[in-house]
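Structure first, commentary second.
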Amino acid sequence: MADAITPRQSDYSQWYLDVVKHAKLADYSPVRGCMIIRPTGYALWENMQRALDDMFKETGHENVYFPLFIPQSFMAREAEHVEGFAKECAVITHSRLKLDPELGLIADPDSKLDENLVVRPTSETIMWDTYAKWIQSWRDLPRKYNQWANVVRWEMRTRLFLRTMEFLWQEGHTAHATRDEAVEETLQMLDVYATFAEEWMAMPVVRGVKTASERFAGAVDTYCIEALMQDGKALQAGTSHFLGQNFAKAFDCQFQNRDNELEYVWATSWGVSTRLIGALIMVHSDDQGLIIPPRLAPTQVVLIPIYRSDEDRERVLAEAATIAAELRSAGVRMKVDDREGYRPGWKFNEYEVQGVPIRLALGPRDVENGTVELARRDTREKMSVSREGLADEIQTLLDGIQVGLYERALAYREANTRIVDDYDTFKQVLDEEGGFIRMHWDGTAETEARIKEESKATIRCIPVEGTWPEDEAPGTDPVSGAPSARRVLYARAY
RNA sequence: CGGGGUGUAGCGCAGCCCGGUUAGCGCAUCUGCUUUGGGAGCAGAGGGUCGCAGGUUCGAAUCCUGCCACCCCGACCA
């Protein structure tokens with residue numbers, strides 16, 4: 001028996017790290033806080049990218065690529081932006097190394113840059129500097145660009161996928177002629193993210209807007225999708241910002257409108273990152289390892305041949321190839337694991353840990369009977385099914401698993417979302433069960449800060465209209481006793 | 001940056017307190033044979049600057065000094 005995965009109940013964060021490690025998603029790197037994404041993890045990211053990229057294209061966006069390096073002075077242009085990011089920027093000061101007889105290899109003092117470069121923590125500044133050149137007239141608008149890139153934020157404390165110093169993401173940066181159009185874009189992209197989370201990741205999310213203190217540095221409004229993890233903590237899974245004219249003003253990006261007036265351009269930015277992989281793990285997986293929703297699974301079905309004699313081997317592998325061809329032509333991502341040197345039991349375990357949704361086992365007995373053994377990862381049920389109509393059955397089952405995972409996660413979230421009306425219960429719920437708490441808030445940063453200080457819970461968001469209509473009625477903030485316009489969503493978060 | 005802890009084979013650890021020949025164990029790896037319907041068994045093999053640098057000593061993984069790295073808790077975290 002190889003080393004086991006720590007059960008969720010005994011140590012959730014160790015469980016998470018064990019799943020990442022055992023499922024071979026990622027590894028630690030020689031550099032603190034950075035990670036190596038392994039083939040399985042990267043294939044998962046590629047599937048996410050593909051689905052998201054299609055949705056971006058469908059909503060009229062084009063991909064671009066801007067440089068990794070940003071002139072340091074750009075960071076200073078937007079006051080709030082620099083304040084938010086200054087503490088976590090990697091700065092490039094030299095361009096050469098030099099072998100010093102005493103000190104060894106050092107940055108060559110003679111190669112000091114005239115102006116430092118910052119490794120992008122996000123690209124608003126460099127993009128808006130360029131947009132200012134591209135946009136002169138209302139005819140140049142809108143510009144709806146996205147880029148797939150890596151960014152660096154010098155975090156103090158990191159965790160694989162959830163917070164790493166370098167991570168992969170996409171960042172959309174759009175430019176609009178009117179405020180309304182930019183706000184509409186912001187909300188549209190929030191919607192795209194929510195749809196992706198729910199339909200592809202099978203992860204229910206709450207859409208909402210951040211309070212002023214949780215807002216993106218430089219934004220007018222930050223919208224987000226918030227998901228609930230199995231340990232009762234919330235995770236921000238994506239953000240969409242309405243930037244107003246802040247960056248346009250900072251980079252002097254004006255256009256002439258139809259009335260022949262000079263006006264600043266309206267902006268949005270929005271992003272999701274490899275953090276989504278962390279969310280995916282924490283929402284669905286169990287003590288046996290990873291569970292991947294079928295729509296995102298790099299391998300949806302794995303077939304494991306079983307045989308003793310060479311003669312059996314030939315028959316079983318021939319049948320396996322036929323099944324594989326059938327399933328592939330039906331559009332199923334299918335793999336036959338015919339590796340020698342690993343026993344079937346070992347392979348069963350391997351794919352269970354790696355979260356492949358459906359496992360088939362095919363032995364001489366099955367070939368004889370025209371059957372195949374089918375095991376589903378989500379419920380761990382095993383059954384013998386007929387070869388007849390297998391492709392149809394598997395497609396139906398994959399769809400069923402996708403829906404089932406969503407429903408399971410939604411049921412968990414609903415069971416762990418509570419309406420609370422007094423502060424003692426609030427703290428008690430957080431300590432004992434966690435989860436989302438819907439409670440009144442007086443709208444002040446003081447109360448928000450006090451609650452954060454005392455309970456470590458933050459306002460995850462003010463949910464968008466219609467999320468919980470009954471929460472939109474006025475009431476009283478139980479902490480300050482002041483009037484409240486509506487309930488907001490609290491939780492402890494990652 | 002504050003508090004605590006750990007550095008010994010790819011991974012996980014024992015040995016250190018109380019110095020003493022070729023530094024052990026489990027997993028993993030390699031070879032052979034037997035196996036193969038839920039993480040195989042037996043036999044054999046390979047793999048080590050004991051974090052780094054000094055010091056004490058006839059002799060240091062073990063004692064002393066300094067340094068470094070990593071982990072956990074806190075601070076921090078669009």
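Naming: A, B, ... by sequence-line order, numbering from 1 per chain. Note that the coordinates shown come from a computational prediction; the quantities given were computed from them, not determined experimentally.
- Across all strands shown, A:Pro364 has heavy atoms under 4.0 Å from base atoms, whether or not it also approaches the sugar-phosphate.
- Heavy atoms of A:Gly84 sit nowhere under 4.0 angstrom from any nucleic acid atom.
- Note: NZ (A:Lys21) to C1' (B:rA28) measures 12 Å, nearest angstrom.
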Worked check of side chain to side chain donor-acceptor pair (under 3.5 Å) between A:Asn150 and A:Arg120: CA-CA 8 Å; A:Asn150 58 336; A:Arg120 63 176 164 223; 2.8 Å; yes
Side-chain donor-acceptor pairs under 3.5 Å in residues 78-90 of chain A, sequence neighbours left out?
residue, atom, partner, partner atom, Å
A:Glu78, OE1, A:Glu80, N, 3.1
A:Glu78, OE1, A:His81, N, 2.9
A:His81, ND1, A:Ala217, O, 3.0

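- Using P as the reference atom, B:rA40 and B:rG46 are 26 Å apart when rounded to the nearest Å.
- The interatomic distance linking A:Lys452 (NZ) with B:rG74 (P) rounds to 14 Å, in whole Å.
- In this structure, A:Arg275 and A:Asn349 both approach RNA chain B, and ranking their closest nucleotides by distance from the 5' end singles out A:Asn349.
- Within the 4.0 angstrom heavy-atom criterion, base atoms lie near A:Ala361.
- With the nearest nucleotide of RNA chain B identified for both A:Ser13 and A:Tyr494, A:Ser13 has the one nearer the 5' end.
- The nearest whole Å value for the distance from the CZ atom in A:Arg380 to the P atom in B:rG39 is 13 Å.
- In RNA chain B, consecutive stretches of 3 or more Watson-Crick or G-U wobble pairs with both distances under 3.5 Å are given as paired ranges: B:1-7 with B:68-74, B:10-13 with B:24-27, B:29-34 with B:40-45, B:51-55 with B:63-67.
- Under 3.5 Å, the side chains of A:Glu124 and A:Thr122 contain a donor-acceptor pair of N or O atoms.
- Of the candidate nucleotides B:rG38, B:rC77, B:rG39, B:rG38 has the atom nearest to the side chain of A:Arg359.
- Among residues at least two apart or in separate chains, there is no ring pair (Phe, Tyr, Trp, His ring centres under 6.0 Å) pair with a member in residues 358-377 of chain A.
- A salt bridge links A:Asp286 with A:Arg377: at least one charged nitrogen is closer than 4.0 Å to a carboxylate oxygen.
- Remark: the separation of the C1' atoms in B:rG44 and B:rU36 is 23 Å, to the nearest Å.
- Among the atoms of the strands shown, none is found under 4.0 Å from any heavy atom of A:Tyr342.
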With a 3.5 Å cut-off and sequence neighbours excluded, list the donor-acceptor pairs that the side chains of residues 187-196 of chain A form with protein atoms.
residue, atom, partner, partner atom, Å
A:Asp191, OD1, A:Arg207, NH1, 2.3
A:Tyr193, OH, A:Gln170, OE1, 2.5
A:Tyr193, OH, A:Gly271, N, 3.0
A:Thr195, OG1, A:Asp191, O, 2.8

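- If you check every strand for non-hydrogen atoms under 4.0 Å, A:Phe167 touches a base.
- Under 3.5 Å, the side chain of A:Arg343 and the base of B:rG41 form no donor-acceptor pair of N or O atoms.
- One can place CG of A:Leu362 at 14 Å from C1' of B:rU36, the figure rounded to the nearest angstrom.
- Rounded to whole Å, the separation between the C1' atoms of B:rG59 and B:rU21 comes to 11 Å.
- Here the C1' atom of nucleotide B:rC77 and the CG atom of A:Leu162 are 12 Å apart, to the nearest Å.
- Nearest nucleotide to the side chain of A:Phe348, out of B:rC76, B:rG39, B:rG38: B:rG38.
- For A:Glu352 against B:rG38, a side-chain N or O and a base N or O form a donor-acceptor pair under 3.5 Å.
- Side-chain proximity of A:Glu155 to B:rC77, B:rG38, B:rG39: nearest is B:rC77.
- With distances taken from any side-chain atom of A:Glu373 to the nucleotides B:rG37, B:rG39, B:rG74, the minimum falls on B:rG37.
- Counting to the nearest Å, the C1' atom of B:rC70 and the CE atom of A:Met165 are 14 Å from each other.
- Every residue was checked against the side-chain hydrogen bond (donor to acceptor under 3.5 Å, both in side chains) condition with A:Ser384, not counting sequence neighbours, and none meets it.
- Of the listed nucleotides (B:rG37, B:rG39, B:rU36), B:rG39 has the atom at the smallest distance from the side chain of A:Trp346.
- Nucleotides B:rU62 and B:rG19 have their C1' atoms positioned 6 Å apart, rounded to a whole Å.
- Comparing B:rA75, B:rC77, B:rU36 against the side chain of A:Pro344 picks out B:rU36 as the nearest.
- With hydrogens and angles left out, the side chain of A:Lys382 and the base of B:rG37 share no donor-acceptor pair within 3.5 Å.
- Between the C1' atom of B:rG12 and the CG atom of A:Leu17 lies a distance of 16 Å, rounded to the nearest Å.
- Taking the side chain of A:Arg163 as heavy atoms from C-beta on, and the options B:rU36, B:rG74, B:rC77, the nearest nucleotide is B:rC77.
- The interatomic distance linking A:Asp27 (CG) with B:rC70 (P) rounds to 16 Å, in whole Å.
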Tell me which donor-acceptor pairs under 3.5 Å the side chains of residues 66-73 of chain A have, and how far apart each pair is, sequence neighbours excluded?
residue, atom, partner, partner atom, Å
A:Gln72, OE1, A:Asn116, ND2, 3.1
A:Ser73, OG, A:Glu115, OE2, 2.7

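- With P as the reference atom, B:rG7 and B:rC76 are 31 Å apart, rounded to whole Å.
- Look at A:Arg365 and you won't find any side-chain N or O under 4.0 angstrom from OP1 or OP2 of B:rG37.
- Side chain to side chain, A:Thr268 and A:Thr174 meet the donor-acceptor criterion of an N or O pair below 3.5 Å.
- Taking atom P on both B:rU56 and B:rC64, the two are 15 Å apart, rounded to the nearest angstrom.
- Taking atom P in both B:rC1 and B:rC27, the straight-line distance is 42 Å, to the nearest Å.
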Test side chain to side chain donor-acceptor pair (under 3.5 Å) applied to A:Trp15 and A:Asp231, step by step: CA-CA 11 Å; A:Trp15 165 82; A:Asp231 62 346; over 6 Å; no
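- Taking atom C1' in both B:rC68 and B:rC11, one finds a spacing of 23 Å when rounded to whole Å.
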